[in-house]
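I have placed the structure first, in the form of structure tokens, so that the comments after it can refer back to it.
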There are 2 protein chains.
Amino acid sequence: MSETVAALQHALQQERLSVTNPRRVVFQALQDAEPQTMPQLIARCRGVINRASIYRTVVLFERLGIVQRLQIGWKYKLELSNAFQHHHHHLTCLQCGGVTPLPEDALLEKQLDRLARRHDFAAQDHQLEIRGRCASCQT
Amino acid sequence: MSETVAALQHALQQERLSVTNPRRVVFQALQDAEPQTMPQLIARCRGVINRASIYRTVVLFERLGIVQRLQIGWKYKLELSNAFQHHHHHLTCLQCGGVTPLPEDALLEKQLDRLARRHDFAAQDHQLEIRGRCASCQT
DNA sequence: CTGCTTGCAAATCTTTTGCATTGAA
DNA sequence: TTCAATGCAAAAGATTTGCAAGCAG
């Protein structure tokens with residue numbers, strides 16, 4: 001069992017929730033791939049886990065802070081959230097559709113905090129997407 | 001006719017597209033409200049414009065850079081884009097669901113540019129959402 | 001006129017729900 | 001054993017498409 005699946009177990013047990021096979025499978029599917037759409041995730045679990053259970057699991061994981069939904073262009077995508085993966089932002093290539101994670105940038109983070117505070121807003125979380133053309137699509 | 005509808009006309013004519021009533025209605029519905037979901041937009045045009053035409057119009061407007069889809073929590077919302085409204089970001093309150101626009105912050109913008117450039121990424125656009133609790137929900 | 005746009009209706013895709021059954025603790 | 005969690009199937013909701021009719025240019 002991988003180390004991160006152990007973390008999943010921990011998160012579930014802490015809430016007295018069962019550690020079931022569907023939950024493990026969905027978690028690993030999320031772990032193995034780039035941010036993915038719901039249909040992609042469903043395809044990844046095809047035959048093994050029922051569609052409805054995947055939806056239910058994603059909702060649960062979101063409540064537990066295990067996954068987060070990103071709006072990438074038009075449709076949302078899913079990825080593991082900060083507790084299971086470093087906090088980061090995304091570069092979306094409008095040409096090839098690729099999504100590249102950006103390494104954390106302390107300066108930027110600090111600046112966003114300050115910005116929120118300036119507006120009496122208690123920031124908990126944020127998302128940033130930069131859209132344009134990736135290095136390899138610039139010919 | 002309002003000034004901004006004139007801008008819509010201009011944008012359409014420049015592409016040799018018809019200035020039709022559905023397009024005007026959808027445009028004004030977008031102009032009159034906060035960022036809204038597709039069902040909200042449809043409700044706003046209820047009876048006047050057909051659902052399918054609204055979808056088609058939104059796709060067109062997006063291609064023309066007139067509207068943009070935002071990640072607001074879970075579902076996307078639509079709003080007029082930068083050419084028709086000042087560039088800005090959003091504070092989303094997780095408690096009351098309100099979405100507050102942030103005034104443009106030159107320092108932040110510059111930094112995002114720098115960040116993209118550092119990764120050989122030709123940025124065209126970006127979106128930032130900060131989530132947390134707004135001033136009035138902090139009791 | 002002429003071809004772009006629309007409305008309508010049906011198809012398709014996505015998400016949610018009720019209920020009987022299964023399985024983790 | 002017990003209750004939460006699952007699978008299944010059907011419902012509900014969102015989005016797309018084909019086609020005939022309408023309207024802007």
Side-chain angles (χ1 to χ4, degrees), chain A residues 1 5-30 35-64 66-78, chain B residues 1 5-30 35-64 66-78:
Chain A
M1 181 181 56
V5 173
L8 168 67
Q9 276 202 4
H10 186 70
L12 289 171
Q13 286 168 348
Q14 202 150 42
E15 300 268 332
R16 289 159 216 278
L17 294 167
S18 304
V19 179
T20 64
N21 193 245
R23 288 173 183 170
R24 267 190 302 264
V25 170
V26 170
F27 182 79
Q28 287 193 321
L30 285 165
Q36 55 201 297
T37 62
M38 190 62 91
Q40 284 170 334
L41 178 61
I42 290 168
R44 229 156 221 283
C45 303
R46 196 201 325 272
V48 188
I49 310 295
N50 182 271
R51 223 205 314 291
S53 301
I54 298 175
Y55 278 99
R56 285 189 281 234
T57 300
V58 168
V59 169
L60 175 70
F61 281 5
E62 213 193 18
R63 181 164 70 70
L64 299 182
I66 295 173
V67 306
Q68 60 182 43
R69 301 199 183 201
L70 309 171
Q71 189 77 19
I72 295 293
W74 250 7
K75 313 263 172 161
Y76 67 84
K77 294 195 176 182
L78 302 161
Chain B
M1 181 180 57
V5 173
L8 169 67
Q9 275 202 4
H10 185 70
L12 288 172
Q13 285 167 348
Q14 202 151 45
E15 299 268 333
R16 286 160 218 276
L17 294 167
S18 306
V19 179
T20 65
N21 192 245
R23 287 173 184 170
R24 267 190 302 263
V25 170
V26 170
F27 183 79
Q28 287 192 321
L30 285 165
Q36 55 201 298
T37 63
M38 189 62 92
Q40 285 169 336
L41 178 61
I42 290 168
R44 227 155 223 284
C45 304
R46 195 201 328 273
V48 188
I49 310 296
N50 183 271
R51 223 207 315 290
S53 301
I54 298 176
Y55 277 100
R56 284 189 281 233
T57 300
V58 168
V59 169
L60 174 70
F61 281 4
E62 214 194 15
R63 181 164 70 69
L64 299 183
I66 295 174
V67 306
Q68 60 182 43
R69 301 199 182 200
L70 308 171
Q71 144 78 10
I72 294 293
W74 188 290
K75 312 261 173 163
Y76 69 84
K77 293 195 177 182
L78 301 162

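Order of the sequence lines fixes the chain letters, A, B, ..., with proteins taken first and strands second; residue numbering starts at 1 for each chain.
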Completion exercise
In short, the helix from C:dC1-D:dG25 to C:dA25-D:dT1 is bent end to end, axes from five pairs each side, to 10°, by 50°

Problem - Given D:dA4, D:dA14, D:dA24, the nucleotide with the shortest approach to the side chain of B:Pro39 - result: D:dA14

Practice task
Using only side-chain N and O atoms of A:Tyr55, determine if any of them is under 4.0 Å from OP1 or OP2 of C:dT15.
Solution key: yes

Practice task
May I ask you to verify if any side-chain N or O of A:Ser18 is less than 4.0 angstrom from the OP1 or OP2 atom of C:dA25?
Solution key: no

Handout entry: Rounded interatomic separation in angstrom, taking CG from A:Leu60 and P from D:dT6
Key = 8 Å

Exercise for the section: Measure distances between side-chain N and O atoms of A:Arg56 and base N and O atoms of D:dG7, and say whether any donor-acceptor pair falls under 3.5 Å. Expected result: yes

Exercise for the section: Report yes if the side chains of B:Ile42 and B:Tyr55 come closer than 4.5 Å at any heavy-atom pair, otherwise no. Expected result: yes

Problem - Interatomic distance, A:Gln13 CD vs D:dA5 P [rounded to whole Å] - result: 13 Å

Completion exercise
In short, B:Leu17 meets B:Leu64 closest at the heavy-atom pair CD1-CD1, 4.0 Å

Problem - Distance, nearest 0.5 Å, that separates CZ of A:Arg63 from CD of A:Glu15 - result: 6.0 Å

Practice task
Take the protein atom CG of A:Leu41 and the nucleotide atom P of C:dT15, then report the distance between them rounded to whole Å.
Solution key: 11 Å

Practice task
Examine C:dA24: is either OP1 or OP2 under 4.0 Å from a nitrogen or oxygen in the side chain of A:Thr20? Give yes or no.
Solution key: no

Handout entry: Neighbour count above 12 (heavy atom, 6.0 Å) for A:Arg44 CZ
Key = yes

Practice task
Using atom CG of A:Asn50 as one end and atom P of C:dC19 as the other, report the distance to the nearest whole Å.
Solution key: 17 Å

Practice task
Can you measure from CZ (B:Phe61) to CG (B:Leu30) and round to the nearest 0.5 angstrom?
Solution key: 7.5 Å

Practice task
Looking only at side-chain atoms of B:Tyr76, point me to the closest of D:dG25, C:dA24, D:dT15.
Solution key: D:dT15

Practice task
Side chain of A:Ala52 only, please: which of D:dT6, C:dT16, C:dG7 is the nearest?
Solution key: C:dT16

Handout entry: Listed nucleotide nearest any side-chain atom of A:Pro22, set C:dT16, D:dT6, C:dT6
Key = D:dT6

Handout entry: C:dT5 OP1/OP2 closer than 4.0 Å to side-chain N/O of B:Arg23
Key = yes

Problem - Separation of C:dT17 P from A:Arg51 CZ (nearest whole Å) - result: 16 Å

Exercise for the section: Determine yes or no for a side-chain-to-main-chain donor-acceptor pair under 3.5 angstrom, with B:Gln36 supplying the side chain and B:Ala29 the backbone. Expected result: yes

Practice task
Report yes if the side chains of A:Thr37 and A:Tyr76 come closer than 4.5 Å at any heavy-atom pair, otherwise no.
Solution key: no

Fill in the blank from the handout: Against the side chain of B:Val19, the closest entry in D:dG7, D:dG25, C:dT16 is D:dG25

Fill in the blank from the handout: Rounded to whole Å, CZ of A:Arg24 lies from P of D:dT6 at a distance of 11 Å

Practice task
May I ask you to say what A:Leu17 touches in the nucleic acid, namely base, sugar-phosphate or nothing, with a heavy-atom cut-off under 4.0 Å?
Solution key: sugar-phosphate

